[in-house]
*Asks:* 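After the structure tokens below, expect a handful of questions from me.
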Amino acid sequence: MTIRVIIVDDQAMVRAGFAALLSAQPDIDVVGEAPDGRQGVEVARTVHPDVVLMDVRMPELDGLAAARQILDPPPGVVHRPKVLMLTTFDVDDYVYEALRAGASGFLLKDAPPADLIAAVRVVAAGEALLAPSVTKRLIADFAASRPAPRADRAALRLNGLTPRETEVLELIAQGLSNQEIADHLILAEQTVKTHIGRVLAKLDLRDRAQAVIFAYESGLVTPGGGGR
């Protein structure tokens, strides 16, 4: 299957470089580009890509607002591509908000070419691109600046998890990979994946990135600490 990608960035050289790199891959096809968020939304709704590479800071409409429009479209628009945020900074408020809006992850603009290619494939496959080391730093930094008590609704959602599923969610939020969770709980990695799938389904979350954010915002895990 060929992965259809559009690139939304206000720098023409960045768009050209990314397009050349991705188009050279046999399983990736760059089907559109846009210099700002507004045009990016229009292109996404016209060509129906699988993945949108979205810069964070752009004129007309920034990447966060554009991502929200793509991921929460108006009635009648059924296509929802995956959105991968591009940023110059490794910790960025816009990126955090984009993850909350449903973006599948983020990538630094100066990441090695192989990382960009891998990121597109990972996101297209339905996985969240949130490396464990990034999880710890990004989410903890912003959760710390946004202390929020656990709402009753969130508590009820957490109560729907089994003790094992709650434990898995805590470990995800602490930045552990699937293999690390498996080692910690003495489980097979496939069993961990099954637990994660059930956690996402029960909490009505799109992916691992939103699971991490939910764990912090619900109070299940606290910045700088562990589970409750």
*Asks:* Report yes if the side chains of L86 and V56 come closer than 4.5 Å at any heavy-atom pair, otherwise no.
*Replies:* no
*Asks:* According to the side chain to side chain donor-acceptor pair (under 3.5 Å) rule, which pairs have a member within residues 187-204, sequence neighbours left out?
*Replies:* E165-K202
*Asks:* If you round to the nearest 0.5 Å, how far is CG of L161 from CG of L203?
*Replies:* 4.5 Å
*Asks:* Which residues pass the side-chain hydrogen bond (donor to acceptor under 3.5 Å, both in side chains) test with Q69, sequence neighbours left out?
*Replies:* none
*Asks:* Report yes if some heavy atom in the side chain of L158 is under 4.5 Å from a heavy atom in the side chain of L169; otherwise report no.
*Replies:* yes
*Asks:* What distance separates T87 OG1 from L108 CG, expressed to the nearest 0.5 Å?
*Replies:* 6.5 Å
*Asks:* Which residues satisfy the ring pair (Phe, Tyr, Trp, His ring centres under 6.0 Å) test with H79, sequence neighbours excluded?
*Replies:* H48
*Asks:* If the condition is side-chain hydrogen bond (donor to acceptor under 3.5 Å, both in side chains), which residues does D50 pass it with, not counting sequence neighbours?
*Replies:* none
*Asks:* Tell me, please, which residues at least two apart from A111 pass side-chain contact (heavy atoms from CB on, under 4.5 Å).
*Replies:* L107, D115
*Asks:* What pairs with R38 under salt bridge (charged side-chain N to carboxylate O under 4.0 Å, His left out), at least two apart in sequence or on another chain?
*Replies:* E60
*Asks:* Can you check whether V14 reaches D55 side chain to side chain, under 4.5 Å on heavy atoms?
*Replies:* no
*Asks:* Going only through I, L, V, M, F, W and Y residues with side-chain contacts under 4.5 Å, is there a path from V47 to V52?
*Replies:* yes
*Asks:* Is there a side-chain contact between P35 and R15 (heavy atoms, below 4.5 Å)?
*Replies:* yes
*Asks:* Report the residues that fulfil side-chain contact (heavy atoms from CB on, under 4.5 Å) with D27, sequence neighbours left out, ordered by chain and then residue number.
*Replies:* I3, Q25, R121
*Asks:* Please report, to 0.1 Å, the donor-acceptor pairs under 3.5 Å made by any side chain of residues 5-13, with sequence neighbours excluded.
*Replies:*
from: D9; atom 1: OD1; to: Q11; atom 2: N; distance (Å): 2.8
from: D9; atom 1: OD2; to: K109; atom 2: NZ; distance (Å): 2.8

*Asks:* Please name all residues satisfying side-chain contact (heavy atoms from CB on, under 4.5 Å) with D72, sequence neighbours left out, ordered by chain then number.
*Replies:* none
*Asks:* Are L185 and L171 side-chain neighbours, meaning at least one heavy-atom pair lies under 4.5 Å?
*Replies:* yes
*Asks:* Are side-chain heavy atoms of V43 and E33 found at a separation under 4.5 Å?
*Replies:* no
*Asks:* Decide side chain to side chain contact (heavy atoms under 4.5 Å, CB included) for D36 and L61; before the verdict, give the C-alpha distance in whole Å, the side-chain angles of both, and the deciding distance to 0.1 Å.
*Replies:* CA-CA 6 Å; D36 60 62; L61 190 70; 5.5 Å; no
*Asks:* Can you name the salt bridge (charged side-chain N to carboxylate O under 4.0 Å, His left out) partners of E42, sequence neighbours left out?
*Replies:* none
*Asks:* Using the test side-chain contact (heavy atoms from CB on, under 4.5 Å), find all partners of L200 that sit at least two apart in sequence or belong to another chain.
*Replies:* I196, L205, A211
